[in-house]
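Just so you know, these numbers come straight off a predicted model, no measurement behind them. Below, chain A is the first sequence line, B the second, and so on; all start at residue 1.
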Amino acid sequence: MQPATQQIDTSFDSIIDELVWRGLISVSTDLDALRSDLAAGPVKYYCGFDPTAGSLHLGHLVQLLLMRRLQLAGNVPYALVGGATGLIGDPRPTAERTLNSRDQVAQWVTQLQAQVSGYLSDEGDNAVRLVNNLDWTSQLSAIDFLRDIGKNFRVGAMLAKDAVSARLKSDAGISYTEFSYQVLQANDFLELFRREGVTLQSGGQDQWGNLVGGVDLIRRVERASVHALGSPLITNSDGTKFGKSEGNAIWIDPELTSPYAFYQFWLNTDDADVIARLKVFTFLTREEITEYERLVAEEPFRRAAQRRLAFEVTAIAHGASQANAVIAASEALFGQGDLATLDAPTLAAAVDELPHADVEIGTPLSAIGVETELFRSAGEARRAISQGGLYLNNVKVDDADAKLSADDLLNGGFALLRRGKKTLAGIRVNTGDTPGLRSGF
RNA sequence: GGCGGGUUACCCAAGCGGCCAAAGGGAUCUGACUGUAAAUCAGCCGGCGUAGCCUUCGCAGGUUCGAAUCCUGCACCCGCCA
């Protein structure tokens, strides 16, 4: 199975029209002005990613794909990783951030740059440029900052920004450090405008205040009119937060969220959301997505749209071969066939995709469940078993004290433990070929 | 610097000497129904575990037979005044 080619949909007159159709623009500066600038020739644009963790997550993926679409339309992307802004911290609506060490932030910058460059082409005239705002911020003295930059900002306007006013109203208040964040980000836009001629910044809707901060600053000091695009926060139709599974973020780093878990996340997309997700997260054309819209309406039980979505996004993030491997594993594990009929290599590959444990015959199933993180504690495991929520090789486990026996092993010495309907873990048993010595070291 | 208010389990939030492992809501989780969906209903929801025990209510001490609840000190947060 091959993923869709990354391309723009030529049935649209302008890339802007495609972005609007995909639901990627919720707020913007003058769209018609931007449309004509884009029609006149390649536009240089940027989006910033602050290093607040060692990996980007699905919220960032929206921005990366928005950037990619603009790049496919011939424009020049500048991917900014905020080595400076990451040291300050964007005000969250709820509470003050804990500052991370400089070493930590520097390390995250390196990691995020590597991730970001995987989503944007580095070939041709409009290859991606990686920039770091620490390059122009680290040498700035407090006096320069206050005289040259700060003078352009009115406190009244700064206080009016949603991010700041929300915090002022909350119990947490806001530090001067975080209050200053918007100045740094506005200055980034100005620097990129001056140095590189960047005239468009995109970002999430929650960044809108910061985006227009840059636009205003450039208008004020350079007398130039530049653009900003804000994409909507992706929300689930049932009101829960998008991009979380069991309360944990879905990361694009395969070490943090396995490709299998990543694929399963998308596969479980709600019918009510799946078309919107195809628009945002895949390169399928309008025509193809319209067809899936029909399929969801007429035969939702086949879940064709979810399957395609899961495959496409997994391929974008982890590559086509990994996406196909994960599909094969999912089909083996969720297929109708008897697990006992699966051959050892198929099982081995499937177990490899799952959290798994190497254990010995006689280990209590509850302990295996804890080791594979199916459960947080033995008590939770016992509780689940008593509620009928644990299965060994698709057979419900009745006894909270049940242990793994040799009869439970499938081909190749594997077994499968399942919590609830769809959370799986693999069990591998060392079949005793190795000497049973437990020499001290 | 002064005065007042606050810090409870994943989140919000009650409790104000024993009936408190701690109300209520949300989230997560499990079951039924299903399409590895949604909605709905039911259960669970600190740890170990048959009873029972252990660790928790910002931190450290103290009073008491007994403290999340009272006292002292400390830290942090919010507001008003200077």
Side-chain angles (χ1 to χ4, degrees), chain A residues 91-99 164-179 235-250 260-278 292-293 295-311 314 326-337 339 350 353-354 364-367 369-370 372-392 394 396-401 416-425:
Chain A
R92 282 185 297 196
T94 46
E96 190 80 11
R97 290 178 188 272
T98 307
L99 292 177
V164 173
S165 73
R167 282 282 292 282
L168 286 173
K169 279 183 226 149
S170 80
D171 288 347
I174 186 168
S175 67
Y176 183 67
T177 304
E178 289 192 5
F179 176 63
T235 54
N236 290 335
S237 56
D238 61 5
T240 56
K241 250 192 185 144
F242 167 75
K244 303 259 175 164
S245 169
E246 297 179 27
N248 300 313
I250 305 292
Y260 170 81
F262 190 88
Y263 176 84
Q264 288 289 324
F265 168 80
W266 291 104
L267 192 60
N268 281 298
T269 300
D270 201 319
D271 291 359
D273 297 320
V274 70
I275 296 303
R277 300 288 180 268
L278 284 170
Y292 278 110
E293 203 162 3
L295 291 174
V296 172
E298 291 177 8
E299 41 183 36
F301 50 90
R302 290 189 195 283
R303 304 187 320 129
Q306 279 89 341
R307 289 177 205 285
R308 186 66 187 272
L309 172 69
F311 170 70
T314 306
V326 153
I327 288 176
S330 296
E331 283 175 355
L333 298 171
F334 284 99
Q336 298 305 310
L339 287 176
E353 299 290 341
L354 301 171
L365 297 181
S366 57
V370 173
T372 53
E373 297 184 345
L374 239 37
F375 305 108
R376 276 188 296 271
S377 68
E380 190 174 278
R382 301 182 75 87
R383 198 181 300 134
I385 293 170
S386 71
Q387 293 187 130
L390 185 70
Y391 302 79
L392 177 64
N394 288 345
K396 185 177 286 187
V397 175
D398 303 310
D399 178 8
D401 297 316
L416 289 166
L417 209 53
R418 187 176 95 224
R419 188 200 71 201
K421 287 195 178 101
K422 53 198 180 192
T423 311
L424 285 152

Original post:
Taking the same atom, P, in B/rC70 and in B/rG17, what whole-Å distance lies between them?
Top reply: 8 Å
**OP:** Report yes if at least one side-chain N or O of A/S377 is closer than 4.0 Å to OP1 or OP2 of B/rC48; otherwise report no.
**Re:** yes
Subject >> Cationic N near anionic O, under 4.0 Å, A/R303 to A/D271 >> reply: no
Original post:
Tell me: CZ of A/R376 to P of B/rC45, nearest whole Å?
Top reply: 12 Å
Subject >> Atom C1', compared across B/rU72 and B/rA67: separation rounded to whole Å >> reply: 15 Å
Subject >> Sugar-phosphate only, base, or nothing, as touched by A/S330 at under 4.0 Å among non-hydrogen atoms >> reply: base
**OP:** Identify which nucleotide among B/rU30, B/rU36, B/rG49 has an atom closest to any side-chain atom of A/A378, counting heavy atoms from C-beta outward.
**Re:** B/rG49
**OP:** With P as the reference atom in both, quote the distance from B/rG31 to B/rA37 in angstrom, rounded to an integer.
**Re:** 11 Å
Original post:
What integer number of Å spans the C1' atoms of B/rA68 and B/rG58?
Top reply: 12 Å
Enumerate the protein-to-nucleotides 38-44 of chain B contacts in which both atoms are nitrogen or oxygen and the separation is below 3.5 Å.
unit_1	atom_1	unit_2	atom_2	d
B/rG43	N2	A/Q387	OE1	3.4
B/rG43	N3	A/Q387	OE1	3.4
B/rC44	O4'	A/Q387	OE1	3.3
B/rC44	O2'	A/R383	NE	3.2

Original post:
Is the closest side-chain heavy-atom distance between A/V326 and A/F262 below 4.5 Å?
Top reply: no
Subject >> Partner nucleotide of B/rC44 by Watson-Crick or wobble geometry (both distances under 3.5 Å) >> reply: none
**OP:** Using salt bridge (Lys or Arg N to Asp or Glu O under 4.0 Å) as the criterion, list what pairs up with A/R383, not counting sequence neighbours.
**Re:** none
Original post:
In whole angstroms, how far is the C1' atom of B/rG31 from the CG atom of A/D398?
Top reply: 14 Å
**OP:** Searching all strands shown, indicate the nucleotide that pairs with B/rC80 (Watson-Crick or G-U wobble; both distances under 3.5 Å).
**Re:** B/rG2
Subject >> Gap between atom CD of A/E353 and atom CG of A/L424 - 0.5 Å precision >> reply: 12.0 Å
**OP:** Using whole Å, report how far CG of A/D399 lies from P of B/rU50.
**Re:** 12 Å
**OP:** Starting at atom CG of A/L374, determine the distance to atom P of B/rU28, rounded to an integer number of angstrom.
**Re:** 18 Å
Subject >> Watson-Crick or G-U wobble partner of B/rA23, both distances under 3.5 Å >> reply: none
Are there any protein N/O atoms within less than 3.5 Å of an N/O atom in nucleotides 32-34 of chain B, and if so, which ones and at what distance?
unit_1	atom_1	unit_2	atom_2	d
B/rC33	N4	A/K421	NZ	2.7
B/rU34	O4	A/K421	NZ	3.0

Subject >> Whole-angstrom distance between B/rC74 and B/rG46, as gauged at atom P >> reply: 36 Å
Original post:
How many Å lie between CH2 on A/W266 and P on B/rA37, as a whole number?
Top reply: 17 Å
Original post:
Taking the same atom, C1', in B/rG15 and in B/rC19, what whole-Å distance lies between them?
Top reply: 13 Å
Original post:
With rounding to whole Å, what would you report as the distance between B/rA21 and B/rU69 at their C1' atoms?
Top reply: 15 Å
Original post:
Now, which nucleotide makes the Watson-Crick or G-U wobble pair with B/rA39, with each of the two distances under 3.5 Å?
Top reply: none
Original post:
Hey, is the side chain of A/Q306 pairing donor to acceptor with the base of B/rU36 inside 3.5 Å?
Top reply: no
**OP:** Quick one: list whatever passes salt bridge (Lys or Arg N to Asp or Glu O under 4.0 Å) with A/R419, sequence neighbours left out.
**Re:** A/E246
Original post:
Sequence neighbours excluded, which residues qualify as side-chain contact (heavy atoms from CB on, under 4.5 Å) partners of A/R277?
Top reply: A/I234, A/N236, A/F242, A/W266, A/T269, A/D273, A/F281, A/L309
Original post:
Is A/R419 touching bases, backbone alone, or none of the nucleic acid, heavy atoms closer than 4.0 Å?
Top reply: sugar-phosphate
**OP:** Take the protein atom CZ of A/F375 and the nucleotide atom P of B/rG47, then report the distance between them rounded to whole Å.
**Re:** 13 Å
Original post:
Is A/R302 close to A/L295 at the side-chain level, that is, under 4.5 Å between some pair of heavy atoms?
Top reply: no
**OP:** Quick one: look up who B/rG61 pairs with, Watson-Crick or G-U, both distances under 3.5 Å, and put none if it's unpaired.
**Re:** B/rC71
**OP:** Determine the Euclidean distance between corresponding C1' atoms of B/rC48 and B/rA39; express it in Å to zero decimal places.
**Re:** 38 Å
Subject >> Evaluation steps, side chain to side chain contact (heavy atoms under 4.5 Å, CB included), between A/L267 and A/F334 >> reply: CA-CA 12 Å; A/L267 192 60; A/F334 284 99; over 6 Å; no
Original post:
How many angstroms lie between OG in A/S366 and CG in A/L374, if you round to the nearest 0.5 Å?
Top reply: 11.5 Å
Original post:
What is the distance from CZ of A/F265 to P of B/rU28, rounded to the nearest Å?
Top reply: 13 Å
Subject >> Pairing residues for A/E298 by the side-chain contact (heavy atoms from CB on, under 4.5 Å) criterion, not counting sequence neighbours >> reply: A/R294
Original post:
Nearest heavy-atom pair of A/I275 and A/V296: which atoms, and what distance?
Top reply: CD1-CG2, 4.2 Å
Subject >> Residue closer to the 5' end of RNA chain B, A/E380 versus A/G389 (nearest nucleotide) >> reply: A/G389
Original post:
What is the distance from CZ of A/R382 to P of B/rG47, rounded to the nearest Å?
Top reply: 13 Å
